[in-house]
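I'd like to ask you about the structure that follows.
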2 protein chains.
Amino acid sequence: MSSKSSIPAPTVKRLSLYLRELEARFSEDGQTVSSQQLGRALGITDAQVRKDLAFVGQTGHPGIGYKANELAHGLRQILGTDRAWRVAVVGAGKLGRALMGYGRFGDKGFDVAAVFDADPKVVGTTVAGHRVRPLQDLESLVAERGIQVGIVATPADAAQQVTDRLVRSGVRGILNFAPIRLNADGCSIVDVDLTLSLEQLVCQVSLGLNRDSA
Amino acid sequence: MSSKSSIPAPTVKRLSLYLRELEARFSEDGQTVSSQQLGRALGITDAQVRKDLAFVGQTGHPGIGYKANELAHGLRQILGTDRAWRVAVVGAGKLGRALMGYGRFGDKGFDVAAVFDADPKVVGTTVAGHRVRPLQDLESLVAERGIQVGIVATPADAAQQVTDRLVRSGVRGILNFAPIRLNADGCSIVDVDLTLSLEQLVCQVSLGLNRDSA
DNA sequence: CGTTGTGAAATGATTCACAGCT
DNA sequence: AGCTGTGAATCATTTCACAACG
């Protein structure tokens, strides 16, 4: 039950990027990687990389760098991608279907364990190998299948209601695609807001700025 | 060619949220809104709201607040959503199709002006009312139709190549869905990275933290 | 050598607190 | 009264710089 005094949010974001880089270019056995190499690949300073890794207890070897596969293993553990996560997708519209078809989730240890929709015409159909269930089965199936994470891919006006039910059912994290601020006590939320991203993009373009991740 | 000394990135993100809140709940004629009202809706302090708005030259009225529709109008201008943006979607796979079906873009002034795909089996089909074009027409169509923004919805290994061609064709902004760091000189980029978002979510869950927008 | 780990300094963002306007 | 605009203070994050290590 030990818990660190909370990792800075920007650091968490970068940890994922380090892991991705390690998996893409430093996955050979016994390979080492320096903070400078990682930093250059991501456009940040080497000091930043070392601070981030030190923060989560990952330690390197002076003169050598970090052992790539040890580091990757440690990062997976911290990020939680070494475990399997069971997720429920709520909303089997265009977005929900695209998400389930997005094979990449499986790689990262996310198993789609249930799919729900409010539309009776959609319920019962099969999407990417999953039978779509009626919303009323949400609570029972989440409990029964030990689902820990919900993906909210409903229209904005249904999102809060769906969220309440997910939270009540014991889900511990929600990935929210609806363009509203969800209230979910005791539950982690990450928002993915396409409209917001596009607005940020055109704002940057208008101002003649450059890169900023969202 | 005057350009402000660059708006802080977190401020830009919030400006979109202010606008959304104004459109949702303060759109009646002559309505006013205080920094406190906006702040509460977004979970931030009133001082923060005032600082943000002051930063982009939006001024309120002591004792009254801000005139809601004036403010909304000003924000649209700053964000660039008062203009129409022509966008090209590259990649007509599941993700690309979901994006085009996502009606909301039209509302915000984004017109899908061309759709491209590398797969000959997909080229020529119609998706959400748009004929899918072969990749080789990219340069000519972008120029011909005055396309300013590209949406990269290709697999990771094609993304950089597509980006190079978009940039060469004169596109000024790119919304990137591929899970890699794109290089696009002189062009704004916003990344939307689903894997990253999910990893952040489960990391938060593992650590027992709460909200953080992505 | 090259590279880590880390205090100290610099930069950036948020909150506080209050003068001044309506 | 209620509310804005903003300098000053606080808090967070990044960068610098260098001692210590293999």
Side-chain angles (χ1 to χ4, degrees), chain A residues 4-18 21-22 26 30-68 70-72 74-75 200 207 209-214, chain B residues 4-18 21-22 26 30-68 70-72 74-75 200 207 209-214:
Chain A
K4 227 6 187 329
S5 54
S6 202
I7 308 172
T11 294
V12 175
K13 198 170 290 188
R14 287 189 299 263
L15 291 179
S16 284
L17 298 173
Y18 300 148
E21 187 67 18
L22 287 171
F26 298 91
Q31 210 165 3
T32 64
V33 58
S34 72
S35 54
Q36 196 175 83
Q37 288 176 300
L38 280 176
R40 242 197 317 253
L42 267 89
I44 60 183
T45 66
D46 53 336
Q48 180 77 81
V49 175
R50 292 196 298 277
K51 273 264 157 79
D52 285 341
L53 297 181
F55 212 103
V56 296
Q58 293 301 306
T59 148
H61 307 275
I64 307 291
Y66 299 80
K67 299 194 175 172
E70 275 181 22
L71 182 53
L75 288 178
Q200 277 175 233
L207 298 169
L209 305 177
N210 272 31
R211 171 176 303 269
D212 175 56
S213 288
Chain B
K4 225 11 187 328
S5 52
S6 202
I7 307 173
T11 295
V12 175
K13 197 170 291 190
R14 288 190 299 264
L15 292 178
S16 284
L17 298 173
Y18 300 148
E21 186 67 19
L22 288 170
F26 299 91
Q31 211 165 3
T32 65
V33 58
S34 71
S35 54
Q36 198 175 81
Q37 288 176 298
L38 279 176
R40 241 195 320 252
L42 267 88
I44 59 182
T45 65
D46 54 336
Q48 181 77 82
V49 175
R50 292 197 296 278
K51 273 264 158 79
D52 285 341
L53 297 181
F55 213 104
V56 296
Q58 292 301 306
T59 147
H61 307 276
I64 307 293
Y66 298 80
K67 299 195 176 173
E70 274 181 19
L71 181 54
L75 288 178
Q200 278 175 231
L207 298 168
L209 305 177
N210 273 32
R211 170 177 304 270
D212 175 55
S213 288

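Chain naming here is simple, since letters A, B, ... match the order of the sequence lines and numbering starts at 1 in each.
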task: Take the protein atom NE2 of His61(A) and the nucleotide atom P of dG5(C), then report the distance between them rounded to whole Å.
output: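 Whole-Å distance recorded here is 8 Å.
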
query: Separation of Leu42(B) atom CG from dT14(C) atom C1', in whole Å?
result: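 For the pair Leu42(B) CG and dT14(C) C1', the rounded distance is 15 Å.
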
- prompt: Nearest-Å distance, NZ (Lys51(B)) to C1' (dT6(D))?
  reply: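 To the nearest whole Å, that distance equals 6 Å.
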
message: Go nucleotide by nucleotide along DNA chain C from the 5' end; which of Gly63(A) and Thr59(A) gets its closest nucleotide reached first?
response: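 Counting from the 5' end, the first nearest nucleotide belongs to Gly63(A).
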
Comparing Ile64(A) and Thr45(A) on DNA chain D - which has the more 5′ nearest nucleotide: Thr45(A)

message: Could you tell me how far apart Gln48(B) (CD) and dA17(C) (P) are, to the nearest whole angstrom?
response: 16 Å

- request: Measure from CZ on Arg50(B) to P on dT4(D) and round the result to the nearest Å.
  value: 6 Å

task: With heavy atoms under 4.0 Å as the rule, sort Thr11(A) into base, sugar-phosphate or nothing.
output: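 If one applies the 4.0 Å heavy-atom cut-off, Thr11(A) turns out to touch nothing in the nucleic acid.
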
message: Closest-nucleotide mapping onto DNA chain D: is Pro8(A) or Pro62(A) further toward the 5' terminus? I mean the 5' end.
response: Pro8(A)

Matching residue for Val49(A) among Leu42(A), Val33(A), Ile44(A) - test: side-chain contact (heavy atoms from CB on, under 4.5 Å): Ile44(A)

query: Among dT4(D), dT4(C), dT13(D), which is the nearest nucleotide to the side chain of Ser34(A)?
result: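 The answer is dT4(C).
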
field: Residue Pro10(A), side-chain atoms from C-beta onward, closest of dT13(D), dT4(D), dT15(D)
entry: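 Between dT13(D), dT4(D), dT15(D), the one nearest the side chain of Pro10(A) would be dT13(D).
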
